[in-house]
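Some notes on the structure that comes next.
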Amino acid sequence: MNGLVIVLIGIVALSAGYLLYGRWLAKKWGIDPKAKTPAYTHEDGQDYVPSSKFTVFSHQFSSIAGAGPVTGPILASVFGWVPVLLWLIIGGLFFGAVQDFGALYASVKNEGKSMGMIIEKYIGKTGRKLFMLFCWLFTLLVIAAFTDMVAGTFNGVGLDSAETAYANSAAASISMLFIVVAVIFGVIQKHVGKMNEWVKAVVAIALLVAMFAVGMKLPIYASKTAWIYIIMAYLFLASVLPMWLLMQPRDYMTTFMLLGMIIGAVVGVVVAHPQMQLNAFNGFNVNGSGLFPTLFVTIACGAVSGFHSLVSSGTSSKTVSNEKDMPMIGYGAMVVESLLGIVALVVVGAVAVGGTKPEGTPFAIFSSGVAGFLEKLGVPVQVATVFMTMCVSALALTSLDSVARIGRMSFQELFYGESTDPKQMTPAQRVLTNKYFATVITLFFGYLLTLGGYSNVWPLFGSANQLLAAMVLIALAVFLKTTGRTGWTLYIPMFVMLAVTFTALVQKTIALAANIAAHNATFLVDGLQLIVALLLMILGVLVAYSCLKKLFTTTKNSEQK
């Protein structure tokens, strides 16, 4: 089939889902444009910051559109393009977008509280503690997988190809400039006050062009190991600095770049209209992996991701200025991410060899594929390659800073008692809930898991990610039922995800145990992953049980507001 037809099918289906199903959910749950949001009632200039609709959308989209929508569909394409396309559309509209919007909605309706605090309110304190521990362990996997990917993308030392080394180094230089310019942009916005959206957009795009030009001229050559340390230092800053100073302006500028990448890729597909060289379907078992559950946990973020709920309730909900913005931010950002997944599928389909994906990392496949499309538009191949390398690294880097911040917050919430006031805490609590200490602990364990490399961590990350989504869906169903809102639409997604994830985790645990038994393992790779896998399964069972028990024993009340 022609790749252009597949992209058009995706655009039509996803747009219809947003306009019909997304708006229907918003209507059934209830949106109050006159209600004061937590961004105003708890404004603190740090996490709670009233922001424009597009600013919050840009943060949400930039944070959730990590490596997943590119990496997942490309890796899953070994099963054929038809099952991948179907899951991207169905999963995106009825699983992922519903969860993202639901988490944002529940948080805004509950003073901007995180999912863990919402679980405590509607399910109990034990449920919250278990959930926050699960979330913290999960953020370690994300830090490990995405840090390894970004560091590999930035690596400019010891490569066989001088062109690849230059593209990676130029992209790294641009990304470092991004951090500095984001801080300057944030300070300007803070002192200027509320800027006109069009003026702000023009300034952001101009800064992007300037950074791209400087980065092309002054590439930074460094090894992968050096970049891992540099990224960890950046994540520390992103975790502790105010939202308005670094993350929001960075995400705002990144969104223009990512939208430019998607538009460029779509235009490239329109011009090249490549034929899909992938087979439509390669069977229910490929290379020893079954379609169920491998397809679902491999595609991960492109269709449904538990991580998204942490962004929705952890950061985005604290910056929403008006409830009427929530459908676009929560549901709409996921729809755009699913479209990115479809574009990635078409790209790998265009460069497939012998009916299956070519050799190389998903990032490399995607970058070179889209660069080839852009070349047909007259864009120099070197410029196109650097632009695409910069974009795919930005995909992972913008998720990394959000997940590091969320990991820090999850660790802190584990040790909060009745009060978050340090004066009412024990000395040990004050240390454990200190944001600097929590950040260092989170990044340290994330670094240890990084030593295993993304290819080893990704299956475990995908399984944990989907299990987190299942638990969040159950918790949201409890919230909706308790407050008298329509929640039955979440039942099928939550049970499907429970079946998928527990099957995948059991398979991964058996594989890790077999590897250790055969003496083909090291502790920092297989051993550490086995410990995390077992903890995730135990915590998953306990949280799912407590949430399901509450769901089927609770009754509606008049709490709706």
Side-chain angles (χ1 to χ4, degrees), residues 14-15 17-43 47-66 69 92-93 95-115 118 197 200-201 204 243-244 247-256 258-259 262 301 304-340 398-399 402 405-406 469 472 476 479:
L14 293 171
S15 299
Y18 173 74
L19 294 173
L20 299 175
Y21 192 56
R23 288 184 176 180
W24 179 79
L25 285 176
K27 183 178 180 182
K28 294 296 289 185
W29 293 348
I31 297 291
D32 184 3
K34 297 180 180 178
K36 271 202 167 186
T37 62
Y40 287 107
T41 57
H42 296 279
E43 186 173 358
D47 296 313
Y48 291 86
V49 182
S51 307
S52 68
K53 178 166 63 175
F54 188 76
T55 298
V56 186
F57 174 87
S58 65
H59 167 70
Q60 176 81 6
F61 175 65
S62 295
S63 298
I64 69 173
L93 290 176
F95 288 63
V98 173
Q99 180 220 221
D100 296 8
F101 178 34
L104 181 68
Y105 181 89
S107 182
V108 170
K109 289 293 187 180
N110 283 276
E111 301 176 337
K113 291 179 179 177
S114 68
M115 279 307 306
I118 292 171
E197 282 296 326
K200 189 160 69 168
M243 285 284 292
W244 63 265
M247 287 182 64
Q248 274 195 343
R250 174 184 157 73
D251 290 342
Y252 184 83
M253 290 188 294
T254 301
T255 297
F256 287 101
L258 299 183
L259 291 176
I262 295 173
C301 310
V304 56
S305 167
F307 165 62
H308 296 184
S309 68
L310 303 185
V311 176
S312 292
S313 66
T315 52
S316 295
S317 64
K318 297 173 176 60
T319 57
V320 172
S321 295
N322 195 305
E323 286 191 12
K324 67 180 181 181
D325 300 339
M326 290 193 292
M328 173 183 161
I329 296 163
Y331 201 97
M334 182 63 223
V335 167
V336 179
E337 178 165 354
S338 293
L339 176 60
L340 177 57
T398 49
S399 286
S402 289
R405 193 180 188 94
I406 291 166
V472 168
L476 291 174
F479 158 72

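Count residues from 1 along the sequence.
The distance from the OG atom of S402 to the NE2 atom of H308 is 10.5 Å, given to the nearest 0.5 Å. The distance from the NZ atom of K200 to the OH atom of Y252 is 5.0 Å, given to the nearest 0.5 Å. To the nearest 0.5 Å, atom CZ of residue R250 and atom OG of residue S62 are 8.0 Å apart. Atom OH of residue Y40 and atom OG1 of residue T319 lie 11.0 Å apart, to the nearest 0.5 angstrom. Rounded to the nearest 0.5 Å, atoms OG1 (T37) and CD (E111) are 12.0 Å apart. One finds the CG atom of L25 at 11.0 Å from the CG atom of L20 (value rounded to the nearest 0.5 Å).
The backbone N or O of S313 lies less than 3.5 Å from a partner atom in the side chain of S317, making a donor-acceptor pair. One N or O on the side chain of S309 and one on the backbone of G306 form a donor-acceptor pair closer than 3.5 Å. With hydrogens and angles disregarded, no donor-acceptor distance shorter than 3.5 Å links the side chain of K113 to the backbone of G314.
For Q60 and S312, the side-chain atoms include at least one donor-acceptor pair closer than 3.5 Å.
Partners of E43 by side chain to side chain donor-acceptor pair (under 3.5 Å), not counting sequence neighbours: none found.
Classification of the W24-Y21 ring pair by plane angle, with boundaries at 30° and 60°, yields parallel. In this structure, Y105 and W29 have tilted ring planes: the angle between them lies in the 30° to 60° band.
Under the 4.5 Å side-chain criterion, counting only non-hydrogen atoms from C-beta, S63 is in contact with D251. Residues K53 and E197 are not in side-chain contact: their nearest non-hydrogen atoms beyond the backbone lie 4.5 Å or more apart. Considering only heavy atoms from C-beta on, S51 stays 4.5 Å or farther from M243 through its side chain. Within the 4.5 Å cutoff, side-chain heavy atoms of D100 are placed close to those of I64. By the 4.5 Å heavy-atom criterion applied to side chains, Y331 and R23 are not counted as neighbours. Within the 4.5 Å cutoff, side-chain heavy atoms of S107 are placed close to those of I118. Using a 4.5 Å cut-off on side-chain heavy atoms (C-beta onward), M115 and L476 make contact.
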Notebook entry, point to check: Could you walk me through whether F54 and F61 pass the ring pair (Phe, Tyr, Trp, His ring centres under 6.0 Å) check?
Noted result: CA-CA 10 Å; F54 188 76; F61 175 65; 9.7 Å; no
Check: Could you walk me through whether V311 and H59 pass the side-chain contact (heavy atoms from CB on, under 4.5 Å) check?
Finding: CA-CA 9 Å; V311 176; H59 167 70; 4.1 Å; yes
